[in-house]
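Quick notes on the structure that follows.
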Protein chains: 2
Amino acid sequence: MKSIDFHTGSTAEAMDFTSYEIKFKALADNIRLQIMYELNQKPSICVCDLTTLVNLPQSKLSYHLKILLDAELIEKEKIGTWNYYRLNKKEVKNILSEELCCIFYPSS
Amino acid sequence: MKSIDFHTGSTAEAMDFTSYEIKFKALADNIRLQIMYELNQKPSICVCDLTTLVNLPQSKLSYHLKILLDAELIEKEKIGTWNYYRLNKKEVKNILSEELCCIFYPSS
DNA sequence: CTTTTATATCAATTTTTTTTGATATATAAA
DNA sequence: TTTATATATCAAAAAAAATTGATATAAAAG
């Protein structure tokens with residue numbers, strides 16, 4: 001993050017919002033919001049179940065899960081052959097309003 | 001919004017998160033986060049001043065302002081030849097966490 | 001009027017993201 | 001082992017978004 005120019009009140013150079021950009025990009029897609037919503041219904045869901053829940057071909061779902069994972073909005077746990085995904089509650093809470101958390105994140 | 005299938009707990013068909021998608025898309029860009037940040041520093045800013053604040057060619061700035069405007073994250077007011085933009089506080093508060101509002105939206 | 005200033009829009013191009021189908025990998029089951 | 005299942009990754013194609021420079025519009029100034 002660049003130093004702030006107190007004379008003009010503006011930043012001397014652009015500030016870096018990259019980490020927010022990545023998270024908002026991850027949320028900026030209907031399919032991925034769908035996935036977040038489904039993950040909000042249960043503690044965790046394996047990929048095989050998600051494919052039917054969101055009705056997507058496996059490679060496509062995998063692609064979108066990776067984007068959410070890279071943005072740290074969800075987490076992955078491998079159990080045997082299955083990969084279980086769940087919301088990263090902390091991160092979601094950090095950026096979304098409480099109101100939105102009711103949709104994409106459990107209230108408690 | 002589709003009816004919910006209570007048997008499986010899943011939605012019969014995809015739910016529609018389009019309005020959220022549009023807002024997150026608008027936030028999913030470093031330049032536009034920059035603009036939001038600058039708009040957070042003052043009650044409102046005219047385009048001519050924004051061009052120097054975010055250091056962008058006029059047509060490019062105009063393009064990004066339109067995306068934020070269409071997402072209803074900012075508002076426009078025309079005064080003479082000048083167009084003044086300001087944050088849409090209500091909408092920003094509706095979707096972003098209080099913590100983020102400190103960056104992109106005034107605390108009060 | 002004519003000119004200047006502030007801003008939006010448009011069309012062409014470039015860049016980024018998404019989709020698709022194929023293939024790779026790893027675990028489990030037979 | 002061999003085979004089946006779950007999932008990730010890759011490369012090519014398609015689609016969407018961003019950039020650029022030119023032009024349009026509208027208000028203000030001269």
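Letters go in sequence order (proteins before strands), and every chain restarts at 1. Everything numeric here is computed off the predicted structure, so don't read it as measured data.
One atom, CD1 of B:Ile79, and another, C1' of D:dA28, lie 15 Å apart when rounded to the nearest Å. Between the CG atom of A:Asn30 and the P atom of D:dA16 there is a distance of 13 Å, rounded to whole Å. Distance A:Leu50 CG to D:dA6 P: 14 Å, rounded to the nearest Å. Between A:Asn55 atom CG and C:dT19 atom P the separation is 13 Å, expressed in whole Å.
By the 4.5 Å heavy-atom criterion applied to side chains, B:Val92 and B:Asn40 are not counted as neighbours. The shortest distance between side-chain heavy atoms of B:Leu65 and B:Leu50 falls below 4.5 Å. Here the side chains of A:Asp49 and A:Trp82 are not in contact, with every heavy-atom distance at 4.5 Å or above.
Toward the 5′ end of DNA chain C lies the nearest nucleotide of A:Ile31, the other residue of the pair A:Gly80 and A:Ile31 mapping further downstream.
Contact check, B:His64 against D:dA17: no side-chain N or O comes under 4.0 Å of OP1 or OP2.
Taking each heavy atom of A:Ile74 and A:Met36 in turn, the nearest pair found is CG2-SD, 3.9 Å. The minimum heavy-atom distance between B:Asn83 and B:Lys78, with the atom names listed, is OD1-CG, 3.4 Å.
For the side-chain contact (heavy atoms from CB on, under 4.5 Å) test, residues two or more places apart in sequence or in another chain that qualify with B:Ile31 are B:Asp29, B:Ile35, B:Leu56, B:Lys60, B:His64.
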Practice task
Scan nucleotides 5-17 of chain C nucleotide by nucleotide, 5' to 3', and note B when protein non-hydrogen atoms come under 4.0 Å of the base, S if they reach only the sugar-phosphate, - if neither.
Solution key: BSBBB-------S

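Pairing for C:dA30 is with D:dT1, a Watson-Crick or G-U wobble pair whose two hydrogen-bonding atom distances lie under 3.5 Å.
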